[in-house]
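Order of the sequence lines fixes the chain letters, A, B, ..., with proteins taken first and strands second; residue numbering starts at 1 for each chain. Only this structure's heavy atoms are used, side chains among them; waters, hydrogens and symmetry mates stay out. Treat the numbers as computed from the prediction; the structure is a model and nothing was measured.
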Amino acid sequence: MAFDKVTREQDYSKWYNNLVEDADLAQHSSVRGCMVIKPYGYAIWEKMQQELDRRFKETGHQNAYFPLFVPKSLFEAEEKNAEGFAKECAVVTHYRLESDPDKEGKLRVDPKAKLEEELIVRPTSEAIIWNTYKGWIQSYRDLPILVNQWANVVRWEMRTRLFLRTAEFLWQEGHTAHATKKEAVEETRQMLEVYAEFAETVLAIPTIKGTKTESERFAGADDTLCIEGLMQDGKALQMGTSHFLGQNFAKAFDVKYTTKEGKQDYVWATSWGVSTRLMGALIMTHSDDEGLVLPPNLAPIQVVIVPIYRGMEQLETISDRMEPIIKNLRKRGITVKFDNRDTHKPGYKFAEWELKGVPIRIAIGPRDLENGTVEVARRDTKEKQVLELTDIENKIEHLLEAMQKEIYLSALNFRDNHITNVNTWDEFKEVLENKTGFISAHWDGTAETEDKIKELTKATIRCIPFDNKQEPGECIYTGNPSKERVLFAKAY
RNA sequence: CGGGGUGUAGCUUAGUCCGGUUAAAGUGCUGGUCUGGGGGACCAGAGAUCGGUGGUUCGAAUCCACUUACCCCGACCA
């Protein structure tokens with residue numbers, strides 16, 4: 001393990017890269033732009049999956065799996081969607097290798113094995129799924145279809161960063177079909193609420209829910225809703241999206257159903273997704289210069305117990321003392337690790353578990369054995385306290401609950417302090433450069449102005465928040481009339 | 001994909017400009033002794049065909065060409 005001492009202050013992106021590798025979350029692979037998610041990092045992703053999956057099921061969805069490959073002809077059916085992703089598609093053109101006649105022991109692509117039709121490696125699955133739904137839907141009785149899939153997708157990115165943007169990433173994509181527009185719109189909104197609630201209660205990340213502007217919208221959608229988070233360096237991160245797809249895919253794939261009245265109509269669609277990018281959000285929202293900070297609801301190990309001892313006999317005594325406590329904690333659903341490795345010193349273990357973000361550390365040594373106490377340290381605030389062993393399970397459980405709330409509140413406080421109302425162009429640039437964070441400002445509603453602002457400042461409109469206050473004003477850049485403020489920020 | 005930078009032991013790097021015997025250090029690793037309440041100390045060891053391929057040369061980590069990976073900036077993007 002390398003103990004790099006780069007702080008967030010010194011070099012935020014270096015700090016991020018070091019943390020991802022040093023905390024054993026992920027590493028670069030020998031495939032360009034692709035990462036290896038290591039067991040500890042994957043355990044966190046699995047927790048996210050479990051929590052989300054439960055919420056999807058509770059809202060009536062079922063999981064299914066669709067192919068990795070999409071025939072080109074299907075892919076191009078919905079034009080806007082195809083165009084939006086065309087530049088970053090991996091394409092399979094051949095299906096066989098053969099021994100290279102010119103180079104001993106090497107293989108080459110068999111030129112005789114060219115595919116009739118190229119296969120696109122899915123950058124998203126609307127095409128293959130809507131092509132399938134066509135066969136599933138005849139009548140209003142077949143609707144709604146509420147399906148989700150956990151999958152990998154490939155987007156051939158030019159510039160990659162672990163978790164935030166990789167060529168291959170893991171995600172879930174929900175794809176639903178509805179008889180009415182109203183129902184599809186409600187589904188789109190419902191799933192965004194699921195994401196927001198998950199982000200707040202599990203990831204402990206506050207989000208802003210809103211609508212994307214036309215230029216930030218998903219290719220092929222009529223409307224894109226999003227949750228936006230704010231990272232510690234003042235940049236925004238899109239954490240999840242939910243799209244109202246209208247009848248665009250139904251029309252492209254000719255998916256009609258017979259209504260109660262016996263008429264033919266196109267079905268209405270939604271899609272929604274979050275990805276391993278959430279790992280990046282998690283890291284950049286809570287972690288500090290000592291390493292990862294995990295909210296208890298997401299930590300693969302919630303409590304680590306470090307024995308302090310001299311000689312095996314003392315370790316035995318401590319183990320015997322802790323054994324029933326560990327059992328009781330586990331009975332309450334708390335994940336506990338008793339770090340009895342004799343190969344490392346306590347100080348080393350302290351630092352290692354801090355780096356990995358374990359919420360609570362319990363240290364117990366001979367002094368504690370005498371006094372009937374333990375030392376309890378919390379990762380987020382680094383506070384240490386000596387607690388009586390009596391009823392320790394209850395105290396730990398309550399502390400975990402309190403930490404979950406406080407980690408969220410601390411992120412919320414940072415976020416709220418970084419939403420700045422701005423009324424002049426000079427102020428806009430000043431806040432963007434120095435204070436950073438979200439800027440709430442008037443915008444004349446045109447894509448031209450949005451583009452111009454992006455070109456000049458790198459700031460984009462992150463979203464138009466839900467239930468936005470209607471307030472007449474003048475566009476920050478053009479001075480044209482505006483009816484509400486929107487949120488700008490530099491973003492990942 | 002355009003511009004810049006970096007690849008030397010598991011990791012972090014020195015050496016490269018100005019070619020010359022056996023490639024250096026810290027950390028990590030292995031064994032041992034002492035240790036143990038915040039990344040331990042000492043002793044002994046193992047570990048590198050210097051990112052890859054080709055070239056120049058009596059001789060290449062060092063010079064040249066190509067290539068590949070990563071990092072930073074830009075365009076693009078979840």
| message | Let's test your reading of the model: under 3.5 Å, does the base of B:G36 pair with the side chain of A:Lys345 as donor and acceptor? | response | no
Will you find, in the side chains of A:Ser125 and A:Glu173, an N or O donor that is under 3.5 Å from an N or O acceptor?
yes
Just to be sure I understand the rule, does A:Thr166 reach a base, reach only the sugar-phosphate, or reach nothing, if contact means heavy atoms closer than 4.0 Å?
base
Side-chain donor-acceptor pairs under 3.5 Å in residues 300-312 of chain A, sequence neighbours left out?
{"unit_1": "A:Gln302", "atom_1": "OE1", "unit_2": "A:Thr335", "atom_2": "N", "d": "2.9"}
{"unit_1": "A:Gln302", "atom_1": "OE1", "unit_2": "A:Thr335", "atom_2": "OG1", "d": "3.4"}
{"unit_1": "A:Gln302", "atom_1": "NE2", "unit_2": "A:Pro296", "atom_2": "O", "d": "3.0"}
{"unit_1": "A:Tyr309", "atom_1": "OH", "unit_2": "A:Asp342", "atom_2": "OD1", "d": "2.6"}

- [ ] May I ask you to check whether A:Thr176 and A:Thr270 show a side-chain donor-acceptor distance below 3.5 Å?
- [x] yes
As its Watson-Crick or G-U partner within any shown strand, both distances under 3.5 Å, B:A9 has none
List the atom pairs, with distances to 0.1 Å, where a side-chain N or O of residues 74-91 of chain A and a protein N or O form a donor-acceptor pair under 3.5 Å, not counting sequence neighbours.
{"unit_1": "A:Glu78", "atom_1": "OE1", "unit_2": "A:Lys80", "atom_2": "N", "d": "3.2"}
{"unit_1": "A:Glu78", "atom_1": "OE1", "unit_2": "A:Asn81", "atom_2": "N", "d": "2.8"}
{"unit_1": "A:Asn81", "atom_1": "ND2", "unit_2": "A:Ala219", "atom_2": "O", "d": "2.8"}

**Prompt:** How would you label the contact of A:Glu88 with the nucleic acid (heavy atoms, under 4.0 Å): base, sugar-phosphate, or nothing?
**Reply:** sugar-phosphate
Sorted by number, residues from residues 359-367 of chain A placing a heavy atom under 4.0 Å from RNA chain B are A:Arg361, A:Ala363, A:Gly365, A:Pro366, A:Arg367
Taking a pair to mean Watson-Crick or G-U wobble geometry with both distances below 3.5 Å, B:A41 pairs with B:U33
- Message: I'd like the C1' distance from B:U16 over to B:G7, given in whole Å.
- Response: 13 Å
So salt bridge (Lys or Arg N to Asp or Glu O under 4.0 Å) across residues 216-225 of chain A, not counting sequence neighbours, yields A:Glu216-A:Arg462
A:Ile308 atom CD1 is separated from B:G36 atom P, nearest whole Å, by 12 Å
Expected list for residues 370-391 of chain A near RNA chain B, using heavy atoms below 4.0 Å, is A:Glu375, A:Lys384
If you measure only the distance, is there a donor-acceptor pair under 3.5 Å linking the side chains of A:Thr59 and A:Gln190? no
Separation of B:G36 atom P from A:Asp368 atom CG, nearest Å, is 16 Å
- Message: Do A:Tyr492 and A:Asp233 pair up side chain to side chain, a donor and an acceptor below 3.5 Å, judged on atom types alone?
- Response: yes
Can you check nucleotides 41-43 of chain B for protein contacts, nitrogen or oxygen pairs under 3.5 Å, and list what you find?
none

Residues of residues 212-237 of chain A with a heavy atom under 4.0 Å from any atom of RNA chain B, listed by number, are none
Exercise for review: May I ask you to check whether A:Gln27 and A:Glu21 show a side-chain donor-acceptor distance below 3.5 Å?
Suggested key: no
Do the side-chain N and O atoms of A:Asp53 and A:Trp150 include a donor-acceptor pair separated by under 3.5 angstrom? yes
Here the distance between atom P of B:G36 and atom CZ of A:Phe350, to the nearest Å, is 14 Å
Modelled atom types, side-chain donor and acceptor of A:Thr7 and A:Glu9, under 3.5 Å:
no
When rounded to whole Å, the CD to P distance for the pair A:Gln314 and B:G37 reads 12 Å
Can you pull every protein N or O that's under 3.5 Å from an N or O on nucleotides 72-74 of chain B?
{"unit_1": "B:C72", "atom_1": "OP1", "unit_2": "A:Ser13", "atom_2": "OG", "d": "2.9"}
{"unit_1": "B:C73", "atom_1": "OP2", "unit_2": "A:Arg159", "atom_2": "NH2", "d": "2.3"}

Between CD1 of A:Ile318 and P of B:G37 the distance, given in whole Å, is 12 Å
Any strand, both distances under 3.5 Å, Watson-Crick or G-U wobble: B:C1 pairs with B:G74
Query raised in the report: So A:Thr213 and A:Glu450, side-chain hydrogen bond (donor to acceptor under 3.5 Å, both in side chains) or not? Walk me through it.
Result: CA-CA 9 Å; A:Thr213 60; A:Glu450 191 180 357; 2.6 Å; yes
Checklist entry - B:G28 and B:U68: how far apart are their C1' atoms, nearest whole angstrom? => result 28 Å
Please list, one pair per line, the donor and acceptor atoms closer than 3.5 Å that link side chains of residues 33-45 of chain A to other protein atoms, with sequence neighbours excluded.
{"unit_1": "A:Lys38", "atom_1": "NZ", "unit_2": "A:Asp24", "atom_2": "OD1", "d": "2.7"}
{"unit_1": "A:Tyr40", "atom_1": "OH", "unit_2": "A:Lys356", "atom_2": "O", "d": "2.7"}

Considering only NZ, NE, NH1 and NH2 on the basic side and carboxylate oxygens on the acidic side, decide whether A:Lys382 and A:Glu290 come within less than 4.0 Å. yes
### Message
Measuring only the P atom in each nucleotide, how far is B:A25 from B:C71? A whole number of Å is fine.
### Response
31 Å
RNA chain B nearest-nucleotide lookup for A:Phe163 and A:Ser29: closer to the 5′ end is A:Ser29
What donor-acceptor contacts under 3.5 angstrom involve side-chain atoms of residues 431-439 of chain A, with partners at least two apart or in another chain?
{"unit_1": "A:Glu433", "atom_1": "OE2", "unit_2": "A:Lys490", "atom_2": "NZ", "d": "3.2"}
{"unit_1": "A:Asn434", "atom_1": "ND2", "unit_2": "A:Glu430", "atom_2": "O", "d": "3.4"}
{"unit_1": "A:Asn434", "atom_1": "ND2", "unit_2": "A:Glu430", "atom_2": "OE2", "d": "2.6"}
{"unit_1": "A:Lys435", "atom_1": "NZ", "unit_2": "A:Asn417", "atom_2": "O", "d": "3.2"}
{"unit_1": "A:Lys435", "atom_1": "NZ", "unit_2": "A:Thr420", "atom_2": "OG1", "d": "2.9"}

Determine whether the side chains of A:Ser13 and A:Trp15 contain a donor N or O and an acceptor N or O closer than 3.5 Å.
no
For atom P, what is the distance between B:A46 and B:A23, given to the nearest Å?
14 Å
*Expressed as a whole number of Å, how far does the C1' atom of B:U56 sit from that of B:C66?*
15 Å
(message) It should be established whether A:Arg155 places a side-chain nitrogen or oxygen under 4.0 Å from OP1 or OP2 of nucleotide B:C77.
(response) no
Notebook entry, point to check: Touch check for A:Gly33, heavy atoms < 4.0 angstrom, all strands: base, sugar-phosphate only, or nothing?
Noted result: sugar-phosphate
Rounded to whole angstrom, note down the C1' distance from B:G59 over to B:U22. 16 Å
message: Angle between ring planes, A:Trp268 versus A:Phe244, binned at 30° and 60°: parallel, tilted or perpendicular?
response: parallel
From NZ of A:Lys490 across to C1' of B:C77 the rounded distance in Å is 18 Å
Indicate the ring-plane relationship of A:Phe218 and A:His243, choosing parallel, tilted or perpendicular according to the 30° and 60° boundaries. parallel
From NE2 of A:His28 across to P of B:G51 the rounded distance in Å is 19 Å
Residue pairs meeting salt bridge (Lys or Arg N to Asp or Glu O under 4.0 Å), one or both in residues 200-214 of chain A, sequence neighbours left out, come to A:Glu193-A:Lys209, A:Lys212-A:Glu228
Comparing nearest nucleotides in RNA chain B, the 5'-proximal residue of the pair A:Lys349, A:Ala491 is A:Lys349
Less than 3.5 Å apart, any donor N or O on the side chain of A:His94 or A:Glu118 sitting next to an acceptor on the other? no
Taken to the nearest whole Å, CD/A:Glu21 to C1'/B:A69 is 13 Å
Original post:
When the C1' atoms of B:A24 and B:C64 are considered, how many whole Å apart are they?
Top reply: 27 Å
### Message
Classify A:Tyr492 by what it touches in the nucleic acid, base, sugar-phosphate, or nothing, heavy-atom distance under 4.0 Å.
### Response
nothing
Could you go over nucleotides 4-7 of chain B and give all protein N or O partners under 3.5 Å, atom names and distances?
none

Which part of the nucleic acid, if any, lies within reach of A:Asp11 when heavy atoms closer than 4.0 Å are counted: base, sugar-phosphate only, or nothing?
nothing
